[in-house]
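Following: one structure in structure tokens, then a few remarks.
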Amino acid sequence: MRNLLICLSLFCSFNAVAELTLESPRVRAMPPSVSNTAAFFTIHNSGKQDIRLTSVSTSAATKSEFHQHSMNDLGVMSMSQVHFIDVKAGQSFEFKSGGHHIMIMGLNKPLRPGGHIQLILQDNHKTQYPFEVPVMSIMAAQKMEKNEHTHH
């Protein structure tokens with residue numbers, strides 16, 4: 001009976017993780033003197049339940065947060081922290097340059113193009129969703145972002 005419960009627990013955990021997938025994930029490599037960067041991707045929820053993401057973390061930095069850019073009535077852009085991201089069942093949410101993104105602050109060491117970092121997204125039920133995200137040069141990431149905007 002105990003083994004059955006363990007197997008059921010592992011199956012449920014795998015299914016929860018399998019509900020979220022990333023498309024076009026990337027983290028921008030920054031010059032060694034810059035200790036912050038950002039991650040961008042589209043996240044898809046293939047499950048039947050909405051998922052509220054409440055935090056993000058990575059061992060590559062001391063702090064990670066959901067952020068968004070917004071423009072005020074005077075046309076001034078600002079960036080602010082967002083405390084949660086809702087990914088509706090059967091839908092997607094885009095983290096993109098100039099919009100919602102993941103700020104990665106206090107890098108432990110410079111990120112190099114061709115490398116990877118692990119981002120762990122956590123929902124309001126404490127379920128964790130780990131993803132390997134490739135590090136790209138600023139130019140490669142911007143080119144990718146430009147191509148995505150012209151195709152949507």
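Note that the coordinates shown come from a computational prediction; the quantities given were computed from them, not determined experimentally. The figures here come from the full heavy-atom set of this structure, side chains too, leaving out hydrogens, waters and symmetry mates.
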Would you give the length of the straight line joining atom CE of M79 to atom NE2 of H69, rounded to the nearest 0.5 angstrom?
5.5 Å
Report the distance from atom CD of Q91 to atom CG of D86, rounding to the nearest 0.5 Å.
11.0 Å
Between CD on residue E65 and CD on residue Q81, distance to nearest 0.5 Å
3.5 Å
Kindly compute the distance separating CG (N45) from CG (L20), expressed to the nearest 0.5 Å.
5.5 Å
Decide salt bridge (Lys or Arg N to Asp or Glu O under 4.0 Å) for R52 and D123; before the verdict, give the C-alpha distance in whole Å, the side-chain angles of both, and the deciding distance to 0.1 Å.
CA-CA 5 Å; R52 174 166 282 186; D123 68 18; over 6 Å; no
Might you work through the side-chain contact (heavy atoms from CB on, under 4.5 Å) test for I104 and L119, ending with a clear yes or no?
CA-CA 10 Å; I104 301 171; L119 283 180; 4.2 Å; yes
Does Q49 CD have over 12 foreign heavy atoms under 6.0 Å away?
no
Looking only at non-hydrogen atoms, find the nearest pair between R28 and S97 and report the distance.
NH2-OG, 3.4 Å
Output the distance between atom OG (S57) and atom CD (Q122), rounded to the nearest 0.5 Å.
7.5 Å
For a 4.5 angstrom cut-off between non-hydrogen side-chain atoms, does I117 reach L111?
yes
Sequence neighbours excluded, which residues qualify as side-chain hydrogen bond (donor to acceptor under 3.5 Å, both in side chains) partners of S70?
none
Full working for ring pair (Phe, Tyr, Trp, His ring centres under 6.0 Å) between H100 and F93
CA-CA 9 Å; H100 284 85; F93 187 91; 5.0 Å; yes
Output field: ring centroids F95/F40 closer than 6.0 Å:
no
Atom pair CD1 (I120) and OG (S55), whose distance is rounded to the nearest 0.5 Å
9.5 Å
Full working for side-chain contact (heavy atoms from CB on, under 4.5 Å) between L121 and I43
CA-CA 11 Å; L121 305 174; I43 190 163; 3.5 Å; yes
Where E19 and I51 come nearest, the two heavy atoms and their spacing
OE1-CD1, 3.6 Å
Would H44 and S92 satisfy side chain to side chain donor-acceptor pair (under 3.5 Å), going step by step from the backbone distance to the final call?
CA-CA 4 Å; H44 302 284; S92 301; 2.4 Å; yes
Would you indicate whether the side-chain heavy atoms of F66 and L53 approach each other to under 4.5 Å?
yes
Can a donor-acceptor pair be found, under 3.5 Å and without considering hydrogens, that links the side chain of R26 to the backbone of S24?
yes
G99 backbone acceptor or donor facing H101 side chain under 3.5 Å:
yes
I would like to know whether M103 and N36 meet side-chain contact (heavy atoms from CB on, under 4.5 Å); could you show each step before the answer?
CA-CA 7 Å; M103 280 301 301; N36 300 334; 4.2 Å; yes
Can any side-chain N or O of D50 pair as donor or acceptor with the backbone N or O of A89 at less than 3.5 Å?
yes
Under 3.5 Å donor-acceptor, S35 side chain and L107 backbone
no
Using only atom types and a distance under 3.5 Å, with no angle test, would you say the side chain of T62 pairs donor to acceptor with the backbone of M105?
yes
State, with a plain yes or no, whether a side-chain heavy atom of H67 is found less than 4.5 Å away from one of V82.
no
Between T37 and A29 (side chain of the first, backbone of the second, donor and acceptor by atom type, cut-off under 3.5 Å), is there such a pair?
no
